[in-house]
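Structure first, then comments.
It should be emphasised that the depicted structure is a prediction, and the values quoted were computed from it without experimental measurement.
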Amino acid sequence: MTPDELKTTAEKQREAVGKYPHRVHVCMAAGCISSGSDKVKDALTDELKKAGKDKCCLVKGVGCMGLCSAGPLVEVADSVAGNSVMYKNVTAEDVPALVASLEGKPVPHLLLPKDIPFFTAQHKIVLENFGLIDPDTIADYIMMGGYEALNKALTDMGPAEVLHEVTASGLRGRGGAGYPTGLKWSTVAKAGGGQKYVICNADEGDPGAFMDRSVLESDPHRVLEGMAIAGFAVGANAGYIYVRAEYPLAVKRLKNAIRQAERSGLLGQNIFGTPFNFKIDIRLGAGAFVCGEETALIASIEGLRGQPRPRPPYPAVSGLWGCPTLINNVETLANIPPIIRKGGKWFASIGTEKSKGTKVFALAGQVNNTGLIEVPMGIKLRDIIFDIGGGIPEGRKFKAVQTGGPSGGCIPEQHLDMPVDYESLASVGSIMGSGGMIVMDESSDMVDVAKYFMEFCMTESCGKCVPCRAGTAQMHDLLARIMEGDATMRDLALLEKLCDLVKNTSLCGLGMTAPNPVLSTLQYFREEYTSRLLDGGGNGRHPKTAAAAEVR
Amino acid sequence: MSQKVTITIDGRAYEVEAGENILQICLDRGLLIPHFCYHEALGPVGACRLCAASIAPSADKPGRLDMTCMTRAADGMVININDDYARAFRKKVIEDLMLNHPHDCPVCDEGGECMLQNMTVLSEHQHRSTRFPKRTWENQYLGPFIHHEMNRCITCYRCTRFYGDYALGRDLGAFGSRNRVYFGRVRDGVLESEFSGNLVDVCPTGVFTDKRFREVYARPWDLSTARSVCVHCSVGCTVLPGFRHGTLRRIKPAENSAVNRFFICDRGRFGGEYVNHPSRLRSGRLEGQVIDPEEVADAVIGRLKAIVAEHGPQSVAALGSSRASLEANAALGILLAALGSQTIAFFASDAERAAARRAAAITVSGQVRVASLPDMEKADCVFVAGGDLTAEAAMMDLSIRQAIRAGAPVFILSPRAGSLDQYARMSLRVRPGTEAAMLSQIADSSAPVGTEAQAFVTAARQALADSKHPLVLASAMRGDTALVEAAFEFTRRTTTEGRVCSLAYWFSGPNAAGVALANGDSPPSAVWDGIRDNRIKALIVLERDLSRDFSSENEFAAALKNIRFLAVIDSIETATTTAANAVIPCVSHYQSSGTFMNFEGRCQRFAGLHIPGPVTRTNSELLIRMIEALGEGDRIAGAEYSTAYDISADSSLELDALEPDHVGVRVRLGSHLQPPSVAPANPPTASSPLQFALWRTHFLFGSEELSMLAPPIAELSPKPWVEMHPEDARHRRLTEGATADLTKELGVSGPLRLNDRLARHVVAVPVLAVPCAERSREREEVMA
């Protein structure tokens, strides 16, 4: 494909879509499909045909619309009037009413107002095409400006300029650690010539996190484009997407997207007529959490046991098959095309001083609006939970919010007015993480929460280094004992000692961060621990502990 | 080049190489840091987290807890092993390692040499602060060598790192994850690796233990040990046999930085049990009469003197051995000289002698670079010709595997695929005797290439052109002098500017290179022709089973028919001792001292242990006693004994100064010495390509006579069979399992096995060293 053909494709697609006076977008991401959106879409197609309106109304399956708790979501746009309405909890039975309403009044009982903070308070960069394009149609992506950034990078800019823009944007790794992306790219670019690789880390493993899955399901080309730009900037000609096999829909859409991009010449040899070649392969992970750790991920791609190795050497110097390798998270790569299109300066104008741009969160737990959101860095946690999230259901009291999955911590009420950025979250004992955000209300038992995450870490420990392997098992057993009311102060002291040991001496990030849920709950909710101890400060207050104490 | 830097460890300054591993620096200097996963040969992985110390980049910077095994020395570095936090940390780590370890030390087979125990004490851990049930496992059957006890596992990954990463074995792995990692096979079964015994040493605790040792267990500190050299092939690994109550209990490798470094093969480790075999000679015999060994020796001298008096000195001949020491063979030569005869031979055939002598001469000539085992690991392109390296010189194979790990391509020229072939870049199956021609074709890029070998030769030439340190390994044990010459020629031709090719031959026995350099020996045909023509009436044999030199028992019996007096000195009962008029028993190799010369011309001294028993004399002692009985004791004390070989004519080589704990001395002939002259050997009888050629296949377990007396080795030895390529079998209308009777063509028959990794028009049979006792039992069964 030449740059001109790219433009023509975009125009043609705009025309093809624009000729319909009405467009119906049905969410076809995993969440809505699980509540029956595929049936809704089929019913819509049939019903329109029956009503003879299939020539004036386009039915399109689109990516995630965000408010998963209200799915299946359907958006009906009127090109003539230039407005659109959104419907929630749509079922196949509602379809005749929807079709009937096309030229009339919206269906009131399904209506989802679009002016609620859930929609208005978001700032969409990564998710900009969500709900608008069909992820299985490359032309839809191109229509929205897709592959323009790759074109710009390849034909108007050089690798150095791309690196400069990415560095200027201040983008930091969205996988959780927040390493400056520009710096990482420069290291790989500087590494000696020869074979280099780009790896997209799509091994999203945090419980309750589904940002990467949604991006791959709803806008796969964005990730491919980001990878190709990265490959161009660092001098790599091949890329791998390491995605977990538990994401069959994402894998299917990725495969389709790669095939389409290859057929259109947007991946492969001499992209846009330049000497740049880039190919992308998919590697499926078998669902080991630790394979999200970059060195374990590389071992897994190489066909070895998915276990991390000590760094240095970092993958940027010696990665896949010993070659310099750039590993970026899905969301990081998805940010690249807009940065190249609009410039690093534009991106740097969003967010806080040290954390630029936006962050996608998977909002879950005891909150009214669960779903996928994208907010500017620096937004207050309170705004996310109470405005966008719509607060706690049934008027219960907020207790804590957990960010960063099993590597993160629980943030209590007193820190809710803190801005969301890498440093602030770390200062209160949590981490940004990949974007899981679980809201807990007063009914949550914090020791149980800590135990839940510890069980996850224990089960997912690869078994290589001692602190993580043996430490997580001991910590889990201690937490279980505390839960059962069978522990003493000595056990709590041992738990704290283990936290220190595992945190400071584990080989990889999994072990180093595994104690975080325990540490943060101990910091803010220590009383919940001590009240359960046989000889704790609140001896006997916990009913179970009291009973146990009596027996002894 | 390497640069010296100064680092400070616990307040003392040390000068070390920049970039050296801190843990190794400390261990080398006696500064003990507890460690587990680090092993000098396997390298660091940073998994056990035990070797932590406080490390600061310079004196003015604060120290930070880091793994010493993962840290490289840099100038000004300050290391505090005894830092309080580091000590507390190590204590906690060892506690975690011990979390699931059953404290079964009183009954554990590892007791006394348990690395876990040592490291626990070193780390000052005493109390277990957790109170949870320990996890338990089921054990697996791993074959006759290794016992499995998974409950003791502390998950250090040393076993898989050795077995899989280092020795390239594929059937032992880590299963599962988290706090439940299992080390074993997919299902019960004999471990496939030829180096599995090393698991016993690399495992820091008692998960993998020596199955034979634990059967009649002794505490390691109760064993009598002395550094010795392995007797089962020409590599000459340094080993540590351990005796207790008159029996050999086990063999462990001893560190030898110049030869086997840390490991040995399973034949070397488990073959030593021959020492305890019931067929060991425990008394002397003279014409069927059981008498004291020394009395036999004296009687033999009397008989020999009588024969010399009657028939002249030339009526006595001797056959030396490649499994006896230089000293014993020299003493045999002196005994013969004292009787007035010179007819002494060392090899099975004239061809084997010619090839071995030429190879040994090249090895010590100094004209080409001869590779030691550590050298082989550094080769960047390897050519193996003329046999199955794994079966015939296993530790060379392990070194080649290290070269493979570093990316070296391996090309193999042999009639039948062996264990190394699975890792080779390419293998070419050739007719026996054509390896030399193929090797020459690779070296000479202008030589025309036949169509069959086109791909192989092209690839090999390309790899050779890309290499800086190629290596050629060729067999010198099959009497193929042309191959020996071709390998030498290859090495010389491919050593050019910017490329040094090195060479190594492997031989038929632990001292074959040594006896090949003997001065003034005779071709074996001289002995056998003399016997046939009634010129030679008496034969003295040292540690050799002559029946193995003949293709059938009838031939062997016919060859011995004319001998009037056969005297044999040996430690085991063989077909030869059974046929002998006089049997003089000596102690086993591991009870003898002496010197062996290995494949690279390295002389290694070994020490013997005096073990109480009915037989206490070594072969040398008995021979010297016999020389003294002739009144010729002066010959031993004088120069003649030590100059029995050309090798000691080099005055710089002080063999007498060799100590058993030395790495050995490599012999180099000075320019004033000509390599031993070799009469041109008869070229292998050219057979038409359509005729079947016979390939006697050597096996690591089964082909060597001493190790076959060890029960676990015998258990793994192959049964007799006849192998053919499936295509050849089809032409002959033979199917797997049918009886292939090739008695007329090749003198072999047996149940047929099909092997598509065998050269076409070649019939393979295993070389089986069936113990004498078993053979006579079989014979009796047949007769009954």
Name of the residue among Asp500(A), Leu501(A), Val466(A) meeting side-chain contact (heavy atoms from CB on, under 4.5 Å) with Lys92(B):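 Answer after filtering Asp500(A), Leu501(A), Val466(A): Leu501(A).
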Nearest 0.5 Å, what's the [atom1]-[atom2] distance between [X] and [Y]?
X         : Y         : atom1 : atom2 : value
Thr505(A) : Asp66(B)  : OG1   : CG    : 11.0 Å
Asp96(B)  : Cys465(A) : CG    : SG    : 10.0 Å
Asn504(A) : Phe89(B)  : CG    : CZ    : 8.5 Å
Leu498(A) : Glu95(B)  : CG    : CD    : 8.0 Å
Arg49(B)  : Lys464(A) : CZ    : NZ    : 9.5 Å

Derivation and outcome, side chain to side chain contact (heavy atoms under 4.5 Å, CB included), residues Arg178(B) and Thr472(A): CA-CA 9 Å; Arg178(B) 57 170 176 138; Thr472(A) 53; over 6 Å; no
Side chain to side chain contact (heavy atoms under 4.5 Å, CB included) assessment of Leu494(A) paired with Thr130(B): CA-CA 8 Å; Leu494(A) 179 63; Thr130(B) 47; 3.7 Å; yes
From CA spacing to verdict: side chain to side chain contact (heavy atoms under 4.5 Å, CB included), Ser177(B), Gln307(A): CA-CA 10 Å; Ser177(B) 64; Gln307(A) 287 190 325; over 6 Å; no
Side chain to side chain contact (heavy atoms under 4.5 Å, CB included) evaluation trace for Val45(B) with Arg309(A): CA-CA 7 Å; Val45(B) 286; Arg309(A) 59 157 178 77; over 6 Å; no
Per-residue contact mode, Ser506(A) against chain B (heavy atom under 4.5 angstrom):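 The backbone, not the side chain.
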Check: Thr155(B) main-chain N/O paired with Arg469(A) side-chain donor or acceptor under 3.5 Å: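 Such a contact is found between Arg469(A) side chain and Thr155(B) backbone.
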Side-chain donor/acceptor of Arg305(A) to backbone N/O of Ala174(B), under 3.5 Å: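 Judged by distance alone, yes, a pair lies under 3.5 Å.
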CZ (Arg405(B)) with more than 12 external heavy atoms under 6.0 Å: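 Yes, CZ of Arg405(B) has more than 12 neighbouring heavy atoms, counting only those of other groups under 6.0 Å.
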Crowding at NZ, Lys134(B) (>12 non-hydrogen neighbours, <6.0 Å):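 Result for NZ/Lys134(B): enclosed.
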Proximal component of [X], with respect to chain A [non-hydrogen, under 4.5 Å]:
X         : value
Leu99(B)  : side chain
Ile154(B) : backbone
Phe175(B) : backbone

Atom of Gly46(B), atom of Pro310(A) and distance for their closest heavy-atom approach: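 Closest pair (atom of Gly46(B), atom of Pro310(A), distance): CA-CG, 4.2 Å.
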Option that, when pairs with chain B are counted at under 4.5 Å, heavy atom only, ranks first among Gln474(A), Arg490(A), Lys497(A):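 Top option by heavy-atom pairs under 4.5 Å: Gln474(A).
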Residue among Pro312(A), Ala473(A), Ser461(A) with most heavy-atom pairs under 4.5 Å to chain B: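 Among Pro312(A), Ala473(A), Ser461(A), the one with the most close pairs to chain B is Ser461(A).
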